[in-house]
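Chain naming here is simple, since letters A, B, ... match the order of the sequence lines and numbering starts at 1 in each.
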Number of protein chains: 2
Amino acid sequence: MGLGALDRVTWALRRAELAVQTLKEQRLRPLGMAAAHYTLLMSVHSEPGLAGAELARRLNVTPQAVASLVARLEGRGQLERREHPRHRHVQELHLTDAGREALRAADQVIADVERHITEGLGPDQSAQLRTLLDQVSKTVRNA
Amino acid sequence: MGLGALDRVTWALRRAELAVQTLKEQRLRPLGMAAAHYTLLMSVHSEPGLAGAELARRLNVTPQAVASLVARLEGRGQLERREHPRHRHVQELHLTDAGREALRAADQVIADVERHITEGLGPDQSAQLRTLLDQVSKTVRNA
DNA sequence: AGCTTAGCGTCAAACGCTTGATGGTTATGA
DNA sequence: TCATAACCATCAAGCGTTTGACGCTAAGCT
């Protein structure tokens, strides 16, 4: 029987993602930051003031997972919860100065990983890879 | 400041992988099988008789995670642990007939997902994507 | 206005995985 | 031969996440 799953695109995709994520985690570890923390900080940075539940949707995780991360980052003084002006029950998430500094340091590491990959591929192939990956995402989304 | 992580290749990679994995999980759910189960069964199928620890290395997880999955699949009668001929302490992992049948059904679903993606991309672009992904894996591995 | 609906945040329990440590088994080398 | 090292499997504890349920707040509808 066939069952040759070894040379499928989705397996190559999985292995590449796993390798990249592992490398990021390793590089981020000396900074005392997990990849999930970096992702959350970066999301809040790019879209400040949104609620935890909204953030959870963008990151494809549950609101509780976000709440857990927020609690930790708030404890470190990198993130702060403000009261939403209209909805008293909702909390706006914002970065503190310390949070911005931590994000800057972490992003330097992440950008280095990214650069290493894109240089290994070359500029045009990197762009093409991104195009193909986006197309995969789009194809899968409306499956 | 720059900090534009949104249009990085590694983010596109992450999102694509997440989307594909989520879709697989959804499609596999009606069969009562998780993606991790499918992966394990497929690995055992492609290389029968290897030990749990060895399997863990290929899947990039811990031996305990494999043991947990094996215990569950053994309970379902889809997998069996045989005694290694030389090392009495080691266990060879083999598929049962029921395991092979379950794998066949699951692989049909997975192959369908794969087909949907490759058809959305076209044959040559699919091949190119796989090449690029493998190159990313290789680049990252010796970073 | 009052009622229903929808959305956010949080608590509690369950699940899966990792880390660390232990015991058992085979191979290697003095 | 005997001791050391290497490897596998397993147990126990800790951590992060998901699932399910509850209370609370704001908006939409009659």
Side-chain angles (χ1 to χ4, degrees), chain A residues 14 17-18 21-26 28-29 32-41 43-44 47-76 78-94, chain B residues 14 17-18 21-26 28-30 32-41 43-44 47-76 79-94:
Chain A
R14 177 174 167 75
E17 215 287 308
L18 196 61
Q21 205 63 19
T22 301
L23 180 60
K24 284 185 178 180
E25 208 85 48
Q26 285 178 0
L28 241 37
R29 193 169 209 76
M33 187 181 299
H37 299 158
Y38 166 77
T39 303
L40 183 60
L41 289 179
S43 298
V44 173
E47 293 184 273
L50 39 69
E54 185 60 32
L55 198 46
R57 275 185 290 256
R58 323 239 167 175
L59 301 180
N60 276 297
V61 295
T62 58
Q64 288 81 350
V66 171
S68 174
L69 290 173
V70 167
R72 179 166 310 216
L73 293 174
E74 189 184 24
R76 291 189 196 170
Q78 299 176 347
L79 204 66
E80 68 175 357
R81 293 193 262 204
R82 298 181 198 162
E83 189 179 78
H84 191 99
R86 295 186 60 89
H87 307 269
R88 196 181 343 180
H89 197 57
V90 179
Q91 308 162 350
E92 286 189 346
L93 297 176
H94 292 273
Chain B
R14 177 175 167 75
E17 215 287 307
L18 196 62
Q21 206 63 20
T22 301
L23 180 60
K24 284 185 178 179
E25 208 85 49
Q26 284 179 0
L28 241 36
R29 193 170 210 76
M33 188 181 299
H37 300 157
Y38 166 77
T39 304
L40 183 59
L41 289 178
S43 298
V44 173
E47 294 183 271
L50 39 69
E54 185 61 32
L55 197 47
R57 275 183 291 249
R58 322 240 168 173
L59 301 180
N60 276 297
V61 295
T62 58
Q64 288 79 349
V66 171
S68 174
L69 290 173
V70 167
R72 180 166 311 216
L73 292 173
E74 190 185 24
R76 292 189 196 170
L79 205 65
E80 68 175 355
R81 294 193 261 204
R82 298 181 197 163
E83 189 178 77
H84 192 98
R86 296 185 59 87
H87 307 270
R88 196 180 347 181
H89 198 55
V90 180
Q91 308 163 349
E92 287 189 344
L93 297 176
H94 292 273

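Around the CZ atom of A:Arg76, the shell of radius 6.0 Å holds more than 12 heavy atoms that belong to other residues, nucleotides or ligands.
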Base-contact (B) and sugar-phosphate-only (S) positions in nucleotides 16-21 of chain D, heavy-atom cut-off under 4.0 Å, - elsewhere: S-BBB-
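The separation between B:Arg81 atom CZ and D:dC8 atom P is 16 Å, rounded to whole Å. What separates CG of B:Leu55 from C1' of D:dC8 is a distance of 13 Å, to the nearest Å. Counting to the nearest Å, the C1' atom of D:dC8 and the CZ atom of B:Arg82 are 19 Å from each other. The distance from atom CZ of A:Arg88 to atom P of D:dC24 is 13 Å, rounded to the nearest whole Å.
At a threshold of 4.5 Å between non-hydrogen side-chain atoms, the residues A:Val44 and A:His94 do not count as touching. By the 4.5 Å heavy-atom criterion applied to side chains, B:Glu17 and A:Gln21 are not counted as neighbours. Side chains of B:Leu41 and B:Met33 form a contact here, defined as non-hydrogen atoms less than 4.5 Å apart. A heavy-atom distance below 4.5 Å is found between the side chains of A:Glu92 and A:Pro85.
Between B:Arg57 and A:Arg86, the residue whose closest nucleotide on DNA chain D is further toward the 5' end is B:Arg57. The residue among A:His89 and B:Ala51 whose nearest nucleotide of DNA chain D lies closer to the 5′ end is B:Ala51.
Here the range on DNA chain C touched by chain A, meaning any atom under 4.0 Å from one of its heavy atoms, is C:dC8 to C:dC11.
Remark: the backbone N or O of B:Leu18 is paired with a side-chain donor or acceptor of B:Thr22 at under 3.5 angstrom.
Ion pairing between a basic and an acidic side chain is recognised when a charged N comes within 4.0 Å of a carboxylate O; A:Glu54 and A:Arg57 show such pairing.
Evaluated for a side-chain contact (heavy atoms from CB on, under 4.5 Å) with A:Leu40, the options A:Leu93, A:Leu73, A:Val61 yield exactly one hit, A:Leu73.
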